[in-house]
Amino acid sequence: MMNPSAMTLQAYKLFHEGVLAFARAEQLGMRIDVEYCERKKKQLTRKITGLEKELQKAKLIQHWRHYYGKKFNMYSNWQLAHILYDVKKITPVSTTVTGKGSTNDEALSQLGIPELDSLLEIRKLIKVRDTYLDAFLREQVNGILHPFFNLSTVRTYRSSSSNPNFQNIPKRDKEAMKICRRAILPRPGHQLLEIDYSGIEVRIAACYHKDPNMIKYIKDPTTDMHLDMAKELFLLQFMDKKIPEHKVLRDAVKNGFVFPQFYGDYYKNCAINMACGWGKLPKEGEWKAGQGISMPTGTLSDHFISMKIKSLHQYTEYVRKVEEDFWNNRFKVYQKWKNKWWVEYQRKGYLDMLTGFRCKGVMRKNEVLNTPIQGSAFHCLLWSFIEIDKIMMKEKWKSRLIGQIHDAIVIDTHPSELEYVAKIVKQVTCHDLPKAWPWIIVPLDVEADICEVDQSWNKKFNYKLI
DNA sequence: GGAACTCGCCAC
DNA sequence: AAACGTGGCGAGTTCC
């Protein structure tokens with residue numbers, strides 16, 4: 001990390017100050033509801049035991065127990081794979097990196113065996129109990145948690161977090177989110193404020209490739225890249241984010257096509273993601289009327305069939321063309337940058353980020369293209385974190401920075417300072433940073449969420465920033 | 001009996 | 001020709 005040929009002085013200073021700012025957040029830590037964690041842990045254990053007992057009665061599990069005898073373990077994926085794919089000779093939906101049949105959520109739910117669904121439900125509860133609540137209790141000192149924020153572990157010069165990891169607390173699964181985030185509290189009389197950069201990686205990518213069409217999408221709030229791609233990929237002339245069925249399709253395209261494409265995925269995976277993952281259409285055979293998620297009129301299969309797309313195979317071919325258009329027409333300058341950047345790395349053996357970091361070593365193409373974007377995007381957050389920390393100390397705020405999640409900052413805020421803190425954060429993140437780093441050629445934007453005074457992290461409300 | 005590996009799963 | 005980027009961590013398994 002501190003290899004001087006791997007960073008400019010500017011980069012070194014950023015990390016030096018970053019380490020100090022993170023240390024202050026770590027030292028203060030965050031309050032945790034110990035009694036709640038203990039109570040919830042017991043409650044989860046009771047629930048898990050009940051579900052386990054229920055599951056023992058299932059035929060598949062009895063067969064499995066009989067086969068393994070004393071060594072039977074419901075949570076051994078190795079045993080499960082053996083029973084399913086060797087003993088019962090079921091064809092695995094997918095395989096692991098070492099070539100064995102997969103026993104992950106995707107694979108098991110596709111087998112359509114009800115007892116496996118209960119197993120997945122139990123797995124989820126165990127994950128919440130053992131990875132989060134247990135870790136919170138283990139790591140807390142006098143009711144305070146001190147997650148580490150490391151700046152020396154990640155190849156792209158991003159940060160990581162550990163003991164416990166504050167950067168992977170459940171959010172998308174509402175049930176898991178509520179259980180885990182209910183444990184995190186502000187200091188007495190304070191409230192938790194969270195500010196995150198909107199689409200920071202897309203914006204920082206634009207600073208590298210400078211694609212005019214991408215810059216237009218970023219600058220013009222009346223345009224919507226994901227909605228435009230959704231229209232194309234779902235063959236709809238008109239779409240509106242406010243229509244619930246259309247919002248589902250837009251999200252499917254955002255997470256199943258646009259982002260994967262930016263990470264270097266390709267049309268075959270994207271087609272399956274959208275049609276079968278989000279759209280709920282079968283992978284095999286011809287699609288029939290009435291299948292898949294509902295649309296404003298009929299279902300997805302009805303719609304696709306009316307557009308002469310009757311199977312995953314045909315849809316994949318369509319997505320191939322959309323991908324080609326995406327990179328060769330819509331974002332052709334981005335595509336040119338990708339080629340140039342890859343060739344340049346191969347020639348030099350390293351790449352230099354706009355933030356002054358140099359990455360050396362053997363990298364695959366996707367790594368080479370992603371590293372500068374991921375790293376620099378995080379450095380924007382880091383610069384902002386440091387600046388806010390400096391102001392906070394100089395002005396002796398009661399409010400304090402307590403954590404960071406790649407593109408978001410968490411602040412334990414005193415209500416009397418809330419408006420002022422929010423104003424400073426907005427100023428630093430969206431105005432001071434682009435002034436300090438002139439290579440930022442697109443506007444930056446942040447969004448904020450706030451919890452009520454003395455309330456935990458699971459109930460957040462949008463906080464309007466001016 | 002512990003280190004290293006595999007697998008699964010949480011986040012951005 | 002190749003084909004989703006970056007982490008941490010818990011449990012099970014294998015290796016020494």
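Proteins get letters first, then strands, A, B, ... in listed order; numbering begins at 1 in each. Reckoned from all heavy atoms, side chains included, excluding hydrogens, waters and symmetry mates.
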- Message: Centroid separation under 6.0 Å, is that true for the rings of Tyr334(A) and Phe262(A)?
- Response: yes

- Message: Before we go on, tell me: are the rings of Tyr267(A) and Phe257(A) under 6.0 Å apart, centre to centre?
- Response: no

- Message: Looking at Lys127(A) and dC10(B), is any side-chain donor or acceptor paired with a base atom of the opposite kind under 3.5 Å?
- Response: no

- Query: With a 3.5 Å cut-off and just heavy-atom distances, do the side chain of Gln167(A) and the base of dG7(C) make a donor-acceptor pair?
  - Reply: no

- Message: If the test is side chain to side chain contact (heavy atoms under 4.5 Å, CB included), which one of Asp117(A), Leu84(A), Thr103(A), Thr91(A) qualifies with Leu111(A)?
- Response: Leu84(A)

- Query: For the side chain of Thr153(A), counting heavy atoms from C-beta on, which of dG7(C), dC12(B), dC10(B) is nearest?
  - Reply: dG7(C)

[N] phosphate, OP1 or OP2: any side-chain N/O from [X] under 4.0 angstrom?
{"X": "Thr96(A)", "N": "dC7(B)", "answer": "yes"}
{"X": "Arg172(A)", "N": "dC9(B)", "answer": "no"}
{"X": "Ser161(A)", "N": "dG7(C)", "answer": "no"}
{"X": "Lys365(A)", "N": "dA2(C)", "answer": "no"}
{"X": "Arg123(A)", "N": "dG8(B)", "answer": "no"}
{"X": "Thr156(A)", "N": "dG5(C)", "answer": "no"}
{"X": "Lys100(A)", "N": "dC7(B)", "answer": "yes"}
{"X": "Arg155(A)", "N": "dT6(C)", "answer": "yes"}

- Message: How would you summarise protein contacts on nucleotides 11-16 of chain C per nucleotide, using B for base, S for sugar-phosphate only and - for none, with heavy-atom distances below 4.0 Å?
- Response: SSSS--

- Message: Does Lys321(A) form a salt bridge (Lys or Arg N to Asp or Glu O under 4.0 Å) with Asp325(A)? I'd like the steps, not just the answer.
- Response: CA-CA 6 Å; Lys321(A) 286 182 197 145; Asp325(A) 181 66; over 6 Å; no

Is [X] touching bases, backbone alone, or none of the nucleic acid, heavy atoms closer than 4.0 Å?
{"X": "Asn273(A)", "answer": "base"}
{"X": "Ser159(A)", "answer": "nothing"}
{"X": "Glu367(A)", "answer": "sugar-phosphate"}
{"X": "Asn370(A)", "answer": "sugar-phosphate"}
{"X": "Ile373(A)", "answer": "nothing"}
{"X": "Lys171(A)", "answer": "sugar-phosphate"}
{"X": "Arg138(A)", "answer": "sugar-phosphate"}

- Message: Among residues 311-322 of chain A, which ones have heavy-atom contacts with DNA chain C below 4.0 Å?
- Response: none

Are [X] and [Y] close enough for a salt bridge, meaning some N to O gap below 4.0 Å?
{"X": "Arg364(A)", "Y": "Glu367(A)", "answer": "yes"}
{"X": "Asp445(A)", "Y": "Lys426(A)", "answer": "yes"}
{"X": "Arg320(A)", "Y": "Glu323(A)", "answer": "no"}
{"X": "Arg250(A)", "Y": "Asp224(A)", "answer": "yes"}

Measure [atom1]/[X] against [atom2]/[N] and give the value in whole Å, please.
{"X": "Ile169(A)", "N": "dA11(B)", "atom1": "CD1", "atom2": "P", "answer": "10 Å"}
{"X": "Lys124(A)", "N": "dA11(B)", "atom1": "NZ", "atom2": "P", "answer": "11 Å"}
{"X": "Gln261(A)", "N": "dA3(C)", "atom1": "CD", "atom2": "P", "answer": "15 Å"}

- Anything under 30° is parallel, anything over 60° is perpendicular, the rest tilted; go ahead and classify Trp457(A) against Phe166(A). parallel

- Determine whether the side chains of Ser159(A) and Gln404(A) contain a donor N or O and an acceptor N or O closer than 3.5 Å. yes

- Message: Could you check whether Trp327(A) and Gln261(A), counting side-chain N and O atoms only, form a donor-acceptor pair closer than 3.5 Å?
- Response: yes

